[in-house]
Amino acid sequence: MADRIYVASRKGLLEFSEKAAGKWDMTGTSFVGEPVSAVLPDARDGTLYAALNLGHFGIKLHRSEDGAKTWRELPAPAYAATPEGEDGDKKDGPSVSLIWTLAAGGTDQPGRLWAGTIPGGLFRSDDRGESWSLVGRLWNLPEREQWFGGGYDEPGIHSICVDPTDSKRLTVGVSCGGVWMSKDAGASWTLGGAGLRNEYMPPDMAETRVLQDVHRLAQCPAAPNVIWCQHHNGIFRTEDGGVNFTEIETAQPSAFGFAVAVHPADPNTAWFVPAVKDECRVPVDQRMVVSRTKDGGNSFEVFADGLPKNPSFDLVYRHCLDIDATGERLAMGSTTGNFWVAADGGSRWTLVSNHLPPIAQVIWAPGD
């Protein structure tokens with residue numbers, strides 16, 4: 001089968017295939033006209049999952065077992081009703097307004113899926129999405145009351161890192177609520193993130209771990225204790241699974257952004273898409289580039305070959321930069337509907353399409 005990349009967009013799920021070396025064509029569409037917020041090609045059994053956000057009609061979840069030819073709707077993660085008052089009447093729980101990310105469990109956990117949502121819930125399924133349960137130990141932590149929204153009004157879980165060497169070990173990123181770690185598949189949680197800082201906070205609160213504005217976490221499969229963090233304040237790196245982070249101060253031309261990808265076999269190599277932060281949120285000097293470090297953040301290379309010249313207003317969201325299993329090919333999509341692929345470690349980019357809807361996620365199909 002030709003190599004594939006899935007693109008989740010505001011107007012549907014798009015499939016691109018490599019028909020010849022470096023030549024990519026759109027070869028499939030699903031949910032045309034509907035906003036797709038997350039997609040997961042599950043490498044364990046080839047199943048494909050897609051989450052939709054239909055606004056007034058709520059969130060939806062679908063599963064395909066034939067490569068997106070047909071889909072079956074599944075129950076979406078939802079909060080249970082809770083007791084209210086002495087009469088035992090129940091009130092509706094919070095509403096899930098977005099499935100922000102989907103992640104597969106370990107190879108020793110067939111059927112297990114994780115979903116990170118807004119407003120800050122982590123859900124687990126052990127039957128391939130047929131049913132979902134809220135991870136109550138995280139939801140009920142007293143510290144969760146301090147979480148707050150970043151780009152959205154409510155906090156959300158956007159990053160779920162499952163340790164490939166120990167599937168019970170989880171590291172999740174919350175915007176805004178810091179980095180949380182579990183060693184027992186979610187039965188208990190520890191707050192990590194020492195060394196992260198929010199410079200927009202008052203000085204005495206800047207390093208408060210539960211308030212950290214984490215944008216994205218990316219774990220190196222070959223060295224899972226190494227996790228790169230694109231933070232609102234800059235770029236950080238941990239070598240102990242999320243307990244302690246070191247700030248990377250050499251990033252060029254900016255340390256602000258949303259996306260990060262890490263090489264699957266080399267924990268010292270990572271890619272970022274720099275931007276101007278806060279109310280501006282456009283490429284630095286309106287010139288789009290991708291930056292790469294190959295030495296753990298000691299130095300950075302900046303690449304613009306194949307990317308838009310000035311002026312550019314492309315922004316690359318959290319899940320819109322992905323790397324394939326070889327560590328050589330990357331895919332990237334922007335809010336402006338541009339979609340690129342790079343075949344040489346990100347030094348040269350090829351525009352595949354510049355007329356797509358705004359893009360929420362790009363992801364390589366596993367095994368390609």
>> Aromatic contact between Y49 and H62, with the criterion being ring centroids under 6.0 Å apart: yes or no?
In response: no
>> Tell me whether S334 contacts the main-chain N or O of T336 through its side chain, where contact means a donor paired with an acceptor under 3.5 Å.
In response: yes
>> Side chains of H263 and W271, heavy atoms from C-beta outward: is any pair under 4.5 Å?
In response: yes
>> Using the ring centroid of each side chain, check whether W24 and F339 are separated by less than 6.0 Å.
In response: no
> Relative to each other, are the rings of Y79 and W139 parallel, tilted or perpendicular (30° and 60° limits)?
Replying inline: tilted
>> With no hydrogens and no angle check, just 3.5 Å: does a side-chain donor-acceptor pair link D213 and Y200?
In response: yes
> Is it the case that more than 12 heavy atoms not belonging to D184 sit under 6.0 Å from its CG atom?
Replying inline: yes
> Residues two or more places apart in sequence or in another chain: which of them pass salt bridge (charged side-chain N to carboxylate O under 4.0 Å, His left out) with D322?
Replying inline: none
>> I'd like to know if R128 pairs up with D45 as an ion pair, taking the criterion as any Lys NZ or Arg NE/NH1/NH2 lying under 4.0 Å from an Asp or Glu carboxylate oxygen.
In response: yes
>> Can you list everything that forms a salt bridge (charged side-chain N to carboxylate O under 4.0 Å, His left out) with R144? Sequence neighbours excluded, please.
In response: none
>> Under 4.0 Å between a side-chain nitrogen and a carboxylate oxygen: does that hold for R44 and D42?
In response: yes
> Does the side chain of N225 reach to within under 4.5 Å of the side chain of E239, using non-hydrogen atoms?
Replying inline: no
> Quick check: are there more than 12 heavy atoms from other residues, nucleotides or ligands sitting under 6.0 Å from CZ of R287?
Replying inline: no
> Would you call E130 and R72 a salt bridge, using N to O less than 4.0 angstrom?
Replying inline: yes
> How close do F236 and R197 get, heavy atom to heavy atom, and via which atoms?
Replying inline: CZ-N, 4.0 Å
